[in-house]
Number of protein chains: 2
Amino acid sequence: MNDIDTPAEPRWLSDTEQHAWRVFLRMQGQLITRLGRELQADSDLSIADYDVLVHLTDLAGGRRRILELARELDWEKSRMSHHLARMAKRGLIAREECPADGRGAFIAITPAGQAAIEEAAPRHVELVRRMVFDALTPEQVAALGTVSEQILKQLDAPQPSCEG
Amino acid sequence: MNDIDTPAEPRWLSDTEQHAWRVFLRMQGQLITRLGRELQADSDLSIADYDVLVHLTDLAGGRRRILELARELDWEKSRMSHHLARMAKRGLIAREECPADGRGAFIAITPAGQAAIEEAAPRHVELVRRMVFDALTPEQVAALGTVSEQILKQLDAPQPSCEG
DNA sequence: CTCTCTTGGTTGACACATCACCCATCCTGC
DNA sequence: GCAGGATGGGTGATGTGTCAACCAAGAGAG
């Protein structure tokens with residue numbers, strides 16, 4: 001394919017890097033899994049549900065165009081479409097027509113969705129605190145934020161596919 | 001359910017914590033998605049496939065009991081079972097009977113699996129380096145490792161369900 | 001030797017994510 | 001006013017992960 005990308009001697013990770021990487025992967029997987037499981041058990045919501053509902057309530061209007069929602073949450077439109085269909089079937093959100101654009105649709109949170117998120121949020125936040133922030137010093141919290149921002153910035157940067 | 005867990009005044013996150021948390025979630029989601037996509041496109045492997053194959057090659061014997069593999073990778077046994085079935089169908093691994101335990105089975109990497117992982121690894125590592133480590137200073141790498149370890153340790157610790 | 005408990009592993013139903021493709025509706029040039 | 005692309009959004013197949021339930025084989029206790 002594009003073997004210009006893979007030099008004969010790849011830049012392998014140092015021991016430190018490899019260790020950091022493996023422990024990061026393990027932590028991230030475990031953490032998301034556990035958070036999702038507890039959220040599901042406590043409040044019958046998935047993390048994806050939670051993210052959508054929180055985002056909708058953060059908006060003053062409580063309604064948003066679908067693709068705009070997708071962009072704001074960094075989701076693919078297809079994922080958003082499938083997920084909103086499931087959420088609508090459960091009564092957490094509702095679709096509304098968009099008078100200005102015949103193709104478009106608004107998504108609005110329903111009273112049931114509102115109730116669900118209000119009930120879920122305190123427990124979820126408490127859980128995040130116990131699982132994550134109780135384990136970290138303020139410096140480590142800051143470092144986590146910085147590192148995450150750096151990586152995100154790197155991801156947004158265009159990939160140099162062949163730098164001389 | 002268990003409202004002893006949710007005091008009337010939950011300990012909400014501070015602005016700093018909330019920011020760190022949101023950016024971490026976003027980073028982690030984007031990163032895994034992107035890594036998975038590129039690995040799939042380059043080498044026709046999912047991250048899960050990759051993890052299993054790397055783990056098997058790390059072992060001198062190249063074979064492992066199923067649940068042991070699951071424990072070492074922190075997977076649920078059901079997930080492991082489903083995933084191994086799919087990998088076996090693609091010829092990446094093979095099941096072998098266990099003479100010592102009639103119920104059990106060994107999983108062994110096949111030559112095809114070996115070839116797949118050897119071809120995938122350099123590109124994948126290069127990608128991880130570009131997406132993650134190129135963006136971080138050595139101190140930040142260390143911090144990432146430490147933070148991840150702290151959180152993992154917290155996750156392994158028994159959850160205090162009602163501390164007075 | 002049987003009765004029960006545990007362990008190793010599978011299965012089926014369902015939720016979720018991605019890819020590739022489709023359809024309808026704007027918008028623009030002419 | 002209409003051809004053709006861009007945009008908003010849905011669909012279906014497939015792979016992936018979870019839960020709950022199941023089954024078969026070992027391990028002890030009587």
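Side-chain atoms are counted along with the backbone in the values below, which use heavy atoms only and exclude waters and symmetry mates. Letters A, B, ... are given to chains in the order of the sequence lines, protein chains preceding strands, and every chain is numbered from 1. Keep in mind the model is a prediction, meaning the values are calculated, not measured.
I47(A) places its CD1 atom 17 Å from the P atom of dA15(C), with the value rounded to the nearest Å. The nearest whole Å value for the distance from the CE atom in M80(B) to the P atom in dT16(D) is 13 Å. Rounded to an integer number of Å, the gap from CG of D44(A) to P of dT18(D) is 17 Å. Separating the NE2 atom of H83(A) from the P atom of dG10(D) is a distance of 14 Å, rounded to the nearest angstrom. As a whole-Å value, the separation of E68(B) CD from dT7(C) P is 15 Å. What separates CD1 of I66(B) from C1' of dC23(D) is a distance of 15 Å, to the nearest Å. In this structure, D51(B) places its CG atom 10 Å from P of dG17(D), rounding to the nearest Å. Atom-to-atom, CG of D74(B) to P of dG17(D) comes out at 14 Å; the value is rounded to the nearest Å.
Ring orientation note: the planes of H83(B) and W75(B) are nearly perpendicular, at an angle over 60° on the 30°/60° scale. Ring planes of F24(B) and F24(A): perpendicular class, angle over 60° (limits at 30 and 60°).
Between L45(B) and L84(A), the residue whose closest nucleotide on DNA chain D is further toward the 5' end is L84(A). Between L67(B) and R86(A), the residue anchored closer to the 5' end of DNA chain C is L67(B), taking for each the nucleotide with the nearest heavy atom. Place Q40(A) and A85(B) on DNA chain C by their nearest nucleotides, and A85(B) ends up nearer the 5' end.
By the rule that hydrophobic residues join a cluster once side-chain heavy atoms approach within less than 4.5 Å of another member, V54(A) and W12(B) end up as members of one cluster.
Salt bridge status for R129(A) with E17(B): present, with a side-chain N to carboxylate O gap under 4.0 Å.
The closest donor-acceptor contact from the side chain of Q154(A) to the backbone of R130(B) lies under 3.5 Å.
Each salt bridge (Lys or Arg N to Asp or Glu O under 4.0 Å) pair with one or both residues in residues 88-97 of chain A, not counting sequence neighbours, appears once here: D49(A)-R90(A), R63(A)-E96(A).
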(Q) Across nucleotides 18-29 of chain C, 5' to 3', mark each nucleotide with B, S or - according to how protein heavy atoms within less than 4.0 Å reach it. (A) BBB---BBS---
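Side chain to side chain, E139(A) and T137(A) meet the donor-acceptor criterion of an N or O pair below 3.5 Å.
For the pair V23(B)/L144(A), no side-chain contact is recorded, criterion being any heavy-atom separation below 4.5 Å from C-beta on.
Dashed line: the shortest gap from a side-chain N or O of R90(A) to OP1 or OP2 of dA15(C) is not under 4.0 Å. In terms of phosphate contacts, R95(B) brings a side-chain nitrogen or oxygen within less than 4.0 Å of OP1 or OP2 of dT10(C).
More than 12 heavy atoms of other residues, nucleotides or ligands shown are found within 6.0 angstrom of CG on D58(B).
Contacts of residues 24-32 of chain A with DNA chain D (heavy atom under 4.0 Å): none.
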